[in-house]
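Sequence lines set the chain letters: A, B, ... in the order given, protein chains first and strands last, and positions in each chain run from 1.
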Number of protein chains: 2
Amino acid sequence: MLRQHEVAERIKQYILQNRLGPGDPLPTEAELCDAVGASRSSVREAIKTLTALDIVEVRHGHGTYVGRLSLAALVESLTFRGLLSRADDLRVLSELVEVRQTIEQGLAGPIVAAFDESLRRELLDLADQMAERAARGESFVEQDREFHLLLMEPLGNELITQLTAAFWDVHAIVARTLEVSPESVRETVDAHHAIVRAAAAGDVAAFTRAVEAHYAPVKRRLQEGRGPGGAHA
Amino acid sequence: MLRQHEVAERIKQYILQNRLGPGDPLPTEAELCDAVGASRSSVREAIKTLTALDIVEVRHGHGTYVGRLSLAALVESLTFRGLLSRADDLRVLSELVEVRQTIEQGLAGPIVAAFDESLRRELLDLADQMAERAARGESFVEQDREFHLLLMEPLGNELITQLTAAFWDVHAIVARTLEVSPESVRETVDAHHAIVRAAAAGDVAAFTRAVEAHYAPVKRRLQEGRGPGGAHA
DNA sequence: CTCAATTTGTTCGTATGTATA
DNA sequence: GTATACATACGAACAAATTGA
């Protein structure tokens, strides 16, 4: 009998020892059973574990492959935590906002340094779109996500980009039912413009202030406790 | 037939709707089968997925419970990514160091503001221990981990503390076989003392510089590519 | 201490859904 | 359309761990 943990570990070892990368095919379930000496059920459960971590990826009727090694697990995990604390307080969301702000402010220098004209145009375009959509009372979540990701991409640090995406996703899901005032929306849109302006001007201090202004409305809203629209489901 | 994802989703919903928290007991596997109308195998696989995310926790012969909702999944996932890229280059580790530095520098202000005498003593004690152990050629990983965690704790942001721990853990595992020169070790130990001094003096700029100096040796080592001791296993 | 009850861990056999050739 | 390969799902039986009588 093999402990469950052991099976998953052996599959990971198989990937490492064979120098496999994302998308590479893994042996079939039957072959894996043979290789690690466990039953199908055990192997399947181990695969389930690795799938949750995006270490392996399964395509029904096709085969199992090495996964993309994304931060999907972090999103799942953090999101659930957020939803669980959602009813009582908004602490997790509050902490998450703090983390997002810290990262963007902490990278103010490198971001401003890597800023160029084409990025400026793209971000300005997004900020303008946000303003337009906000004026029409429409949501601008897509533009917001793209904005914050584009800000990070020039740094060439994939982990930072993925963490930014992950935190944004968690934030979006957990805060989904949170109501925001029209003033807050305008404030947020303005902050995006201010961020672009500061970066284009090469003004790190102004950039930091703009990021602070960007998160200020959300932080105010979170400190109010759960007001209207704060109910879950 | 129920899609695999559906079963996990229903268990999550069960936890949310019943307002359960970490440690609370879940129905037995048999009861869950009844509740979600799936076979035991399917339920077990769903539980496996949720276990990987630390949303549920299983104790053999005892029962299944709501998990601690830790960032264990992030550690697992990132660690594997690091080990996978380990053979070729050290890019993941390099990016990770950048993230750690960014967070600590980004929080320089709040950290210095929340700094007090008792924390100063604790950190100084740890830094002294590191110096002693380094002088004897011993490892000081425990002290290093504690140092970086203690630095964050006064902020009262659990997520930041857990992220710090997670990133530290990944770093420690992925960089395990990386050799460091004696000069680098001394430099690192000195940096810890400098961090304490800067924080105690309330000097944010000095704190930021000290953090930079702390990560400088590692970053140098990583830019050298894989030198002696860089081989895996 | 031993026994029995409960619960999770592991295995096997079988049937079904899905994709490729 | 058929055949093949593969993952998905189910159910039953037995093993192992924990608890309490």
Original post:
Does Glu179(A) come within less than 4.0 Å of Arg221(A), counting only side-chain N to carboxylate O?
Top reply: no
Original post:
Separation of Leu32(B) atom CG from dC10(D) atom P, in whole Å?
Top reply: 14 Å
**OP:** Report the distance from atom CG of Leu26(A) to atom P of dC6(D), rounded to the nearest whole Å.
**Re:** 13 Å
**OP:** Give the rounded distance in Å between these two atoms: CD of Glu31(B) and C1' of dT8(C).
**Re:** 13 Å
Original post:
Looking at the side chain of Ser41(A), which of dT11(C), dG11(D), dG9(C) is the nearest nucleotide?
Top reply: dT11(C)
Subject >> Nearest-Å distance for atom pair OH/P, residues Tyr65(A) and dA19(C) >> reply: 12 Å
Original post:
Among dA9(D), dT11(C), dC6(D), which nucleotide sits nearest the side chain of Ser39(A)?
Top reply: dT11(C)
**OP:** Compare side-chain N and O positions of Arg44(A) against OP1 and OP2 of dA7(D) and report whether any pair is under 4.0 Å apart.
**Re:** no
**OP:** Given salt bridge (Lys or Arg N to Asp or Glu O under 4.0 Å), test Glu9(B) with Lys12(B) step by step and report yes or no.
**Re:** CA-CA 5 Å; Glu9(B) 215 57 38; Lys12(B) 289 202 285 185; 3.7 Å; yes
Subject >> Backbone of Gly21(B) reached by a side-chain donor or acceptor of Asp24(B) within 3.5 Å >> reply: yes
Original post:
Does any donor-acceptor pair link the side chain of Arg40(A) with the base of dG13(C) at a separation under 3.5 Å?
Top reply: no
Subject >> Main-chain N/O of Ala166(A) paired to Asp169(A) side chain as donor or acceptor, under 3.5 Å >> reply: no
Original post:
Between Glu29(A) and Arg40(A), is a salt bridge (Lys or Arg N to Asp or Glu O under 4.0 Å) present by the stated rule, with each step listed?
Top reply: CA-CA 7 Å; Glu29(A) 287 185 353; Arg40(A) 268 185 205 75; 5.5 Å; no
**OP:** Could you please name the partner base of dT18(C), counting Watson-Crick and G-U wobble pairs only when both distances are under 3.5 Å?
**Re:** dA5(D)
Subject >> Chi angles and distances behind the side chain to side chain donor-acceptor pair (under 3.5 Å) call for Glu104(A), Tyr215(A) >> reply: CA-CA 11 Å; Glu104(A) 290 182 355; Tyr215(A) 289 105; 3.3 Å; yes
Subject >> Glu29(A) CD - dT14(C) P separation (whole Å) >> reply: 18 Å
**OP:** Would you mind reading off the distance between Lys48(A) atom NZ and dG9(C) atom C1', rounded to a whole angstrom?
**Re:** 18 Å
Original post:
Using a heavy-atom distance cut-off of less than 4.0 Å, which residues of residues 56-64 of chain B contact DNA chain C?
Top reply: Val58(B), Arg59(B), His60(B), Gly61(B), His62(B), Gly63(B), Thr64(B)
**OP:** Decide ring-ring contact (aromatic ring centres under 6.0 Å, His included) for His192(A) and His148(A); before the verdict, give the C-alpha distance in whole Å, the side-chain angles of both, and the deciding distance to 0.1 Å.
**Re:** CA-CA 9 Å; His192(A) 284 96; His148(A) 290 277; 5.3 Å; yes
Subject >> Nucleotide dT7(C), atom C1' - distance to CG of Asp34(B) in whole Å >> reply: 16 Å
